[in-house]
Amino acid sequence: DMRKDDLKYMPKTARLLGTKGMQFKNAFVSYGLCCPSRATILTGQYTHNNGVWTNGNPPNTTDGGWEAFKARGHEQDNLAVRLDDAGYSTGLLGKYLNQYRGKAVPPHWDRWFATSTFEYFNYDINDNGTIKHFGTGERDYLTDVLRRQTQQFIGNSVAGGRPFFAYVAPIAPHGPQIPAPRDQHTFDGLQVSRLGSFNEEVVSDKPPWIQAQPILDDARIAKIDAQHEGRAETLQALDELVAGVVNKLKNVGALENTYIVFTSDNGQHSGEHRIPDGKAQPYEESIHMPLLVRGPGIEAGSTTDMLALNTDFFPTFTDLAGATTPEYVDGRSLRPLLEGSTATTWRTAFLLERGIHPYPGLSQDAEPLYGIRTSDGRKYVEYSGGFRELYDLNTDPFELDNSYDATSPPVDLATRLEALKGCAGATCRAAEDGP
C-alpha cells in the first residue's frame, strides 16, 4: 500500500538505493490491488492472462487470492521456479498472497517464511512448513522479524556459495498502521498532502459512484490524517529493514554483486477525488509506484523517465540471472535501462485493468474497467457500465478535468486499448510499443 510519494518518509532507502542507484520516475502497476499485483510480479503477466482478479475474499475465491493463483498452476511455474532451476537459492520472507492458509511450502522456494496477515503483532508465520506464533513483545514486530530473517538468509546463502533471490514482502504501511514502539509519535500531527484532487470540489465529470460521494467533513479528514501519520510511522522500521539488507550485503562481501530492487504492490487513496481510503482505482494514487534499483553496472544517482511496469520484474530477474524467460511473460527486461541504454525501443503505453473487486456490495468497486496510460501523459479509461474518462496529465496532473467527449472520442487511444485488452506475451509488448 505504499504509493510513490510515501518515499519521502524513508530517507535511508532513498540514500542507499536511490542516490546509489537508479530512480524510476514512471513506474506503475497495471492493477492497483494487493493480490493481482503480486500475482503479476510472480508471473510477469497482466491480470487478464494470469487470472488472479481479486484478493480472494468470499464469494470470489475462484477469481482471486491464493486459491486462484494455485488453481491456475502458477505455483508450478513462476519467477521463483525459474530462478531455482537456474541454480539460485530462493527465499520468500513476508506476505505471500491474500488468503494464503497453507502449511505446505510451494515448490522451488528454498526458504519459506510466509504470512498473509495484516497484523504487526500477534500473528502466525509458516516457517518452512511449521506454523510459528509471534506475540506482542517488541522483538515480535513483524517488520523487524523480517529484517532479521532476511539478513540470516543472505548470510546463509553467501556462506553456502549459492547465488540467491530474496523476495522480501513486509506489510507496512498497510492498515492497521501500527508502528514499532520506538517509532510511535515520530510524526505526531502529520497531515496527508493536500493534493489538488484532495476533497475535490466538483466531481460532476467523475464516474457515478464518485459523484455520489459526499464532501469530506472535518471528522473524516481528521481520520485520514491519523491514518497517514500511522503510515509514515510504520515506514520507519521498513526504512531500517532496507538499511539492514544493505549493511548485511556489505558485511558478507556481496553488495557489489547484488541487485536490490525496492517497489510496492499498489498505492493508497487518502482523500483524493473524495475517496477516503482504498485502492484499485485507475487514478495515479493507486498505480504510480516507487521503484529504486541498485546494483552492478547501474550509475549512481541516475534516473529514467521510461515506463516500467510490474510485469517487468520477472523478465528482468531472469535476464540478470542468465535464466530463460518463458514466452508467456508479458513484460520486458529493465536491464537496458539499468545499463543506461538510450537506443532501445521501449513501451509508450500500458494497460490498466480491474475485474470484480473483492468487496461485493460497493458499486464503486464492482465495475470492471480497462484503460490505457501513455508515456506522453494521456490516460483513457472505459468502465463496463459505459462511463468514460480522459485526462491529459501534462496539464491536469491531479486528474480534475475529465475531457472525454462522446462526439469526439480518442480513437487512437481506444484502438490501442483494444489491442492491449486481448494481448498475450509478445503481442503485449508490441501493443505497448506502438499503434
Side-chain angles (χ1 to χ4, degrees), residues 1-11 32-34 55 118-121 171-239 264 266-290 354 357-367 381 383 387 389 391 393 395-402:
D1 277 6
M2 179 183 173
R3 64 193 220 182
K4 187 175 187 293
D5 55 3
D6 287 328
L7 192 61
K8 61 178 174 285
Y9 302 116
M10 299 182 64
L33 183 64
C34 316
N55 284 345
F118 292 113
E119 300 299 328
Y120 293 82
F121 289 107
I171 61 170
H174 196 287
Q177 295 114 6
I178 298 174
R182 63 184 178 277
D183 297 321
Q184 291 178 357
H185 310 298
T186 303
F187 289 99
D188 279 354
L190 181 68
Q191 292 185 339
V192 70
S193 299
R194 288 351 188 216
L195 301 181
S197 55
F198 182 82
N199 207 10
E200 189 173 353
E201 183 176 355
V202 179
V203 293
S204 57
D205 62 343
K206 292 295 182 294
W209 76 269
I210 291 185
Q211 295 180 33
Q213 294 290 310
I215 286 283
L216 301 172
D217 59 20
D218 290 345
R220 195 67 182 90
I221 291 175
K223 185 176 180 180
I224 292 172
D225 285 335
Q227 289 175 332
H228 186 66
E229 177 186 315
R231 288 166 56 79
E233 289 177 346
T234 64
L235 289 175
Q236 301 316 293
L238 181 54
D239 205 25
S264 179
N266 55 256
Q268 172 81 11
H269 279 272
S270 296
E272 298 84 13
H273 311 297
R274 303 187 189 179
I275 306 171
D277 54 25
K279 53 276 188 111
Q281 307 301 339
Y283 304 118
E284 296 293 284
E285 292 78 23
S286 281
I287 64 170
H288 203 170
M289 296 296 102
R354 182 177 75 191
H357 198 277
Y359 307 109
L362 297 179
S363 61
Q364 68 267 33
D365 292 325
E367 188 176 351
V381 183
Y383 294 85
F387 196 85
E389 289 184 284
Y391 299 101
L393 300 173
T395 58
D396 183 22
F398 302 120
E399 298 168 280
L400 297 173
D401 180 21
N402 177 11

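Distance CD/Q281 to CG/L33: 10.0 Å, rounded to 0.5 Å. A distance of 5.0 Å separates CZ in R3 from OG in S270, rounded to the nearest 0.5 Å. Note that the CD atom of Q191 and the CD atom of E229 stand 10.5 Å from one another [nearest 0.5 Å].
Among residues at least two apart or in separate chains, salt bridge (Lys or Arg N to Asp or Glu O under 4.0 Å) pairs with a member in residues 200-211 are E200-K206.
In this structure, the side chain of E285 does not engage the main chain of K279 through any donor-acceptor pair within 3.5 Å. Side-chain N or O atoms of D183 include none that pairs as donor or acceptor with a backbone N or O of Q236 at under 3.5 Å. A donor-acceptor contact shorter than 3.5 Å is absent between the side chain of E389 and the backbone of P207.
Using a 4.5 Å heavy-atom threshold, the side chains of E284 and L393 count as touching. Side-chain contact between L190 and H228 is present, with at least one heavy-atom pair separated by less than 4.5 Å. A 4.5 Å side-chain heavy-atom check between I287 and P282 finds every atom pair outside the cut-off. Side-chain contact between I221 and R194: present, with at least one pair of heavy atoms (C-beta onward) separated by less than 4.5 Å. Q213 places none of its side-chain heavy atoms less than 4.5 Å from the side chain of V203. A 4.5 Å side-chain heavy-atom check between H269 and S286 finds at least one atom pair inside the cut-off. Side chains of R231 and F187 form no contact here, defined as non-hydrogen atoms less than 4.5 Å apart. Looking at heavy atoms from C-beta onward, F387 lies in side-chain contact with N402 at the 4.5 angstrom threshold.
Across P176 and Y120, no two heavy atoms sit closer than the pair CD-CE1, 4.0 Å. Contact detail for A180 and A237: the closest heavy-atom pair is CB-CB, 4.5 Å. Of all the heavy atoms in R274 and P214, the pair that sits closest is CD-O, 3.6 Å. Residues I224 and G271 share a closest heavy-atom pair of CD1-CA, 3.9 Å. Annotation for D1 and D6: closest pair O-OD2, 4.1 Å, computed over non-hydrogen atoms. Summarising the geometry of P179 relative to T234, their closest heavy-atom pair is N-CG2, 3.8 Å, with the distance given to 0.1 Å.
Using cut-offs of 30° and 60° for the angle between ring planes, the H273 and Y283 rings count as tilted.
Residues satisfying the salt bridge (Lys or Arg N to Asp or Glu O under 4.0 Å) test with E233, not counting sequence neighbours, are none. Residues passing the side-chain contact (heavy atoms from CB on, under 4.5 Å) test with F398 are L195, S197, L400, sequence neighbours excluded.
Applying the 6.0 Å contact sphere to CG of D218 captures no more than 12 heavy atoms from other residues, nucleotides or ligands.
The residues R220 and D277 are annotated as salt-bridged, a charged nitrogen and a carboxylate oxygen being separated by less than 4.0 angstrom.
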Checklist entry - Hey, mind stepping through D217 and K223 against salt bridge (charged side-chain N to carboxylate O under 4.0 Å, His left out) and telling me if it holds? => result CA-CA 10 Å; D217 59 20; K223 185 176 180 180; over 6 Å; no

